[in-house]
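What follows is a single structure, written as structure tokens, with notes after it.
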Amino acid sequence: MSDAILQLNNVEAAYGAVKAIRGVSLEVQPGSIATVLGSNGAGKTTILKTISGILDPQKGSIQFKGEAIQKRDPAEIVRRGLVHVPEGREIFPLLTVRENLLMGAYTRPSSDKDEVAHDIEAVFGYFPILKERTSQPAGQLSGGQQQMLAISRALLAKPTLMLLDEPSLGLSPKLTKEIFEIIVRINRERGVTLLVVEQNAHIALQYADYGYVLEIGRIVMHDTCAVLREKDDIREFYLGVKQAGVRGERRWKKKKNWR
Amino acid sequence: MLQFLQLVVSGAAIGCIYALIALGFVLIYKATETVNFAQGDLMMVGGFVGLSFMSLLGLPFWIAFMLAIVAMAGLGMATERIVLRPLLGQPAFTVVMVTIGLGYLARGLVTMIPYWGTETHTLPVPYKDEVIWLGGEGTGLVISVEHLVIIVVTVLLVTSLYAFFRFTRLGIAMQATSQNQLAAFYMGIPVRRINMMIWGLSAAICGAAGLLLAPITFVHANMGFVGLKAFPAAVVGGFGSIPGALVGGLIIGIVESLAGFYLPEGIKDIAAYIVVLLMLVLKPNGLFGDNTTKKV
């Protein structure tokens, strides 16, 4: 319980009057890849935003490495080693690839210069294509390359925990697979813990260790991905394996019994 | 021909002033998406601050110049922190109205300060009324040192700004913040502090413009209306482009200067706006405006 690197306890967050997450509790074990699955509007992105301090929770606590981080400044959370790769990449379009990467290292002290240069080379090891584009404005990169840049930029902050929001967004299945393979490599080789939010349940369950299923702001199921892959509800609603009900129709109500 | 060159040089000098103020507009617009209509008045305050350093404290011009720039940077940052930051998240219209109000406030307050008042002051610059002859005394091109100083200082300022934005970490972070504020937040860049520094930078540039312009127009509470000419300069250059602000300023300055001599009386004052109308019809994005429309 207490050895988790990230722990959310009954976190609630809202946009104005609209409650986006209603009492979410989850844990991420150090060194693992955890995933949060859910459909549109389930509150996946909100969870990540609340963790990284972009959004303040109304209730509940968030603990990172055993310390409460809710309602902290995003910059301070990044400095503690928790970086968020936002949905839709959000790179700096007019800065060059290299400058984008340097901005990822913004929270590191300026005396780290040599080490940052070294880390940029290391990141190019994961994404060789970025090395060829070093001095090109990031806005000219393709969608996949921008996603690679967004992940690399986050790595430059030397995170111990990385939040990835929909890394597969708008990418071909082949590219998605490539990106996920590199994400796993980053996890294994650099010991970076990952929390991945995905709509593409198929790919997420394949690469992650542990999964949470989120529905309308609540966690409705959590288990290891190997188990989740075999559950009927997951197969039906997220993996698209259809099963007809008793009366020949698929009913939503049926899956409610998992609580 | 000589006459023409003469006009181009003096137009370019005034154009540099427009360019500096336009630069102030552009920096704030790019970073915070709001137009600061008090930009010209910041310039006026800069003129007064420099004047006070010189005549009240008896400092030499260039030291007063530097100190005034530093003081203006402080004023700009304080304005952002005290007046504009609480407005974060309000509609752009609100912020624009507030900056217009700030302009009025500055003009009013300046007349209430004992030494500053409503009179017109002369800034005792060391190079007052000096001229340089190019191509033979009495026959060649005559350039007043006041104009020359404006051009040289503008070039120096702009190149150092370019180097700052291109090569320093803070400069790149400022660019990053203006390109994608949200992403800057995610990367742990202190967006609010950066915005404050941009206001400081913008006010400092305007202060420099005020002190450069002072020998020509004198220092008085209404000298900030030059800002109204700098606005077209920013638009011609494509609002939001730094090189655009410079070129736009030069174009407006030179056109104005030529129109004042070759065209009938009165055209000079509206020349800037004619240029901007033509520009909006022919190339709505301005000379250096980016064609990429904003993503929602």
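Below, all heavy atoms of this structure are taken into account, side chains as well, without hydrogens, waters or symmetry copies. So you know, we letter chains A, B, ... as the sequences are listed, proteins then strands, and number each from 1.
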Do B:Met187 and A:Tyr106 touch side chain to side chain, with heavy atoms closer than 4.5 Å? no
Who wins among A:Leu95, A:Leu156, A:Thr107, A:Asp73 for the most heavy-atom pairs under 4.5 Å with chain B? A:Leu95
OG1-CD1 distance between A:Thr96 and B:Ile172, expressed to the nearest 0.5 angstrom: 7.0 Å
OH of A:Tyr15: more than 12 outside heavy atoms within 6.0 angstrom? yes
Work out which heavy atom in B:Ala183 is nearest to a heavy atom in A:Phe92; give both atom names and the distance. CB-CE2, 3.7 Å
NE2 on A:His84 to CZ on B:Phe185, rounded to 0.5 Å: 13.5 Å
Does A:Lys19 NZ have over 12 foreign heavy atoms under 6.0 Å away? no
Is A:Ala105 in contact with chain B via its backbone, its side chain, both, or neither, using a 4.5 Å heavy-atom distance? backbone
Flag yes if more than 12 heavy atoms outside B:Arg192 fall under 6.0 Å of its CZ atom; otherwise flag no. no
Acceptor/donor pairs from residues 137-144 of chain A side chains to any protein atom, 3.5 angstrom cut, sequence neighbours excluded:
residue  : atom : partner  : partner atom : Å
A:Gln140 : OE1  : A:Gln136 : NE2          : 3.3
A:Ser142 : OG   : A:Gln145 : N            : 3.3

Other residues, nucleotides and ligands only: do more than 12 of their heavy atoms fall within 6.0 Å of OH on B:Tyr162? no
Once rounded to the nearest 0.5 Å, what's the spacing between atom OH of B:Tyr186 and atom NZ of A:Lys49? 4.5 Å
May I ask you to test the A:Met103-B:Ile189 pair for a side-chain heavy-atom distance under 4.5 Å? yes
With only heavy atoms counted, which part of B:Arg193 is less than 4.5 Å from chain A, the side chain, the backbone, both or neither? neither
If one checks every heavy atom of A:Arg108 against chain B at 4.5 Å, the contacting part turns out to be backbone
Nearest heavy-atom approach of A:Ala75 to B:Gly188 is CB-O, 3.4 Å
Less than 4.5 Å to any heavy atom of chain B: does that hold for the side chain of A:Arg153, its backbone, both, or neither? both
